[in-house]
Amino acid sequence: MNQHLPTRSQGSMPPATRRGFLAGAGGLLAAGLAAASMADPVAAQRRTPLNFVIILADDLGWGEIGPYGQRKIATPNLDRMAAQGIRFTSAYAGASLCAPSRCALLTGLHTGHGTVRENPEGGPQRSLTAADLTFAEPLKLAGYQTACIGKWGFGPEEPGQVSHPNARGFDEFFGYITHRHAHQYWPTYLWHNGEKVALDGKTYAPDLLRDRAVSFIKRAAGDPFLLYFPTILPHSPSQVPGGSGRYADEPWTGPNRRHAAQVTRLDSHVGDIIRAIREAGIANSTVLLFAGDNGPHHEKGVDPTIFDSNGPFRGVKRQLYEGGIRIPLIAWSPSLTPRVVDEPVALWDLLPTLADYAQVPIPANLDGRSFRGLLTGGRYAGHEYLLWNRPRKMQAIRRGHWKMIRFAPNISGAGPAGRVELYDLRGDRGERHNVAARNPQLVTELTNLLDSSIGDDPRLPYGLRVTEEQGQAVVTLHNGSATTWRNVRLNFSGRQRARSEGTYTLAPGESLTATVSLSGAAAGNDPLLTRARFTANGRTVAFQAKSWAAPQRVSVGH
């Protein structure tokens, strides 16, 4: 391998060459890394990091499971999970419907800043972009095995494109790429990474996805892993093997009986995953999060009033009243102290929470905040406000106990001038009493805050990227966090080994770039493994990336 000088850059300014060069390391590199690990207690602690499992239900109402008051639908596993874990009573979806809520979950941005802010309406499914950083990417850089099994929800339905889960931080993907395809409970195919897997049209996909999730846990249990399991239950249509099961004799319509059976089947899948975690002997080192993606649906004959699906709240899916965006959220691990948390949190808090747990620098300019302290009993800096944006339809903002909803003209009966509603959630969590007329100054304040919080993506490039072109690998380390990275060193291993001579310091927004020339077999059959090691916030951090897993294009020095 031939190497070129590392350079450092910030923003759109030209790269500033740093003195230093890449020197062959050979066995010296391995010895140096081993010695650093032994001398660093933080690095020693990182040898046994936590695993994470995120189960995301599809269109599950706040009140549709036992821990939140459900009495007609049996959810014994979730009941037990909540009793043994942490139950959030004021958790919020990223949006009141699928695609934008999942974008917020994955990227840490609310729908005033995220790439996908609405479901498609007669057009193609919106895609994530190369600039989108999902919660899988920081953990993958830190050495986690990562998998997405279930409904991805972003198009196009093609392999090898930047919106594909494999390009957005997930080593393994099995399931549906688009949410329209995910409406099929007995599909004729699913995707495994970049290939279509033919099915017979008689296999109930949620059970198959559950089996894949359990298999991944068993296979990955020896190393740190992240499993994202976005099931399609209990989204419409109300389809489940064996009909209505235990609900066959209930005095409800067929769609409602089958919907109840879907929720109970979802609960059984949660139990299967917890059982797999316990049997693998990793329960104490695994945190499982169960959440919904938005409020309950009322589609294809399902009546949420039968089950009191939104609990004490007003509204359902697609609406920004509490019932459309308040969701169940339960955290479980034997290492957590059971309790109930009333502090408001949102799905866009997940990325900073996982990064915080994994002890990697939290990306800067996220809308989310880590709620690790709420899980461990430590400190937590709450949100100043929470925000939801449905372009050209409606917007909402919650600050403290005040909640304001703004409707676009002629939306939901708003009339040609639109409408603003204001609610005091302290005594009106059902949002029945609009007090906007009595609080004009507060309405103005919240309107200005809402307007100023909707705009372009504010994030900085983050992470370790490797691109190959004409036998060269361009390696770029982006400090997209809010803290300075010190003692930065790059290490390379493939057919040969090398490392940067000396160390570097990267301020927030700065990048370090090195070009490695590969030759012969090293370029084709021996992927370049790049490691970046640095300190941030007093911790030693190690990132790694392989050349074949990188995006095709990266702006060097940004």
Between Ile86 and Leu374, the two heavy atoms sitting closest are CD1-O, 4.0 Å

Nearest heavy-atom neighbours spanning Arg117 and Pro100
C-CB, 3.6 Å

Can you name the nearest heavy-atom pair linking Pro165 to Trp152, along with the distance?
CG-CD2, 3.4 Å

Name the one of Asn389, Asp367, Asp456 that satisfies side-chain hydrogen bond (donor to acceptor under 3.5 Å, both in side chains) with His113?
Asp367

For residues His110 and Leu386, determine if any side-chain heavy atom of one lies less than 4.5 Å from a side-chain heavy atom of the other.
no

For Lys151, the side-chain hydrogen bond (donor to acceptor under 3.5 Å, both in side chains) test, sequence neighbours excluded, returns Asp58

Return yes if some donor-acceptor pair links the side-chain N/O of Asp267 with the main-chain N/O of Asn77 below 3.5 Å, else return no.
yes

Within 45° of the ring axis of Phe229 and under 6.0 Å from its six-membered ring centre, is that where the NZ or CZ of Arg210 lies?
no

Is it the case that the side chain of His183 and the backbone of His235 share a donor-acceptor pair, with hydrogens and angles ignored and the cut-off at 3.5 Å?
no

Short side-chain donor-acceptor distance under 3.5 Å, Ser101 and Asn294
no

So, for Ile177 and Gly155, which heavy atoms are closest and what is the spacing to 0.1 Å?
CG2-CA, 4.4 Å

Donor-acceptor pair, Thr134 side chain versus Arg168 backbone, under 3.5 Å?
yes

Has Ser268 got a side-chain atom pairing as donor or acceptor with Arg265's backbone, closer than 3.5 angstrom?
yes

Is it true that a side-chain atom of Asp349 and a backbone atom of Arg369 form a donor plus acceptor pair closer than 3.5 Å?
yes

Under the side-chain hydrogen bond (donor to acceptor under 3.5 Å, both in side chains) test, residues paired with Asn537 that sit two or more places apart:
Thr483

Only counting residues at least two apart or in another chain, list the ones meeting side-chain hydrogen bond (donor to acceptor under 3.5 Å, both in side chains) with Trp388.
none

Students often mix this up, so state it plainly: with edges at 30° and 60°, are the rings of Tyr204 and Tyr185 parallel, tilted or perpendicular?
parallel

Taking the ring of Trp191 and the ring of Phe174, is the distance between their centroids below 6.0 Å?
no

Compare all side-chain heavy atoms of Leu105 with those of Tyr228 and state whether any distance is below 4.5 angstrom.
yes

Will you find, in the side chains of Asp356 and Thr353, an N or O donor that is under 3.5 Å from an N or O acceptor?
no

Under 3.5 Å, is there a donor-acceptor pair linking the side chains of Asn51 and Thr286?
yes

Charged N to carboxylate O under 4.0 angstrom, Lys317 versus Asp59?
yes

Determine whether a donor-acceptor pair (N or O, by modelled atom type, separation under 3.5 Å) exists between the side chain of Asp223 and the backbone of Ala220.
no

Side chain Tyr462, main chain Pro361, donor-acceptor under 3.5 Å
yes

Spell out, as yes or no, whether a donor-acceptor pair under 3.5 Å connects the side chain of Thr146 to the backbone of Gly169.
yes

Residues Tyr504 and Glu510: side-chain donor-acceptor under 3.5 angstrom
no

About how many Å separate OG1 of Thr503 and CH2 of Trp485, when rounded to the nearest 0.5 Å?
15.0 Å

Ring centroid separation Phe135 to Phe52 under 6.0 Å
no

Report yes or no: does Arg339 contribute a side-chain atom to a donor-acceptor pair with the main-chain N or O of Thr337 at less than 3.5 Å?
yes

Shortest non-hydrogen separation from His181 to Pro187 and the atoms involved
NE2-CB, 4.0 Å

Expected output: side-chain Tyr176 to main-chain Gln184 donor-acceptor under 3.5 Å:
yes

Nearest heavy-atom contact between Gly94 and Leu347 is N-CD1, 3.8 Å

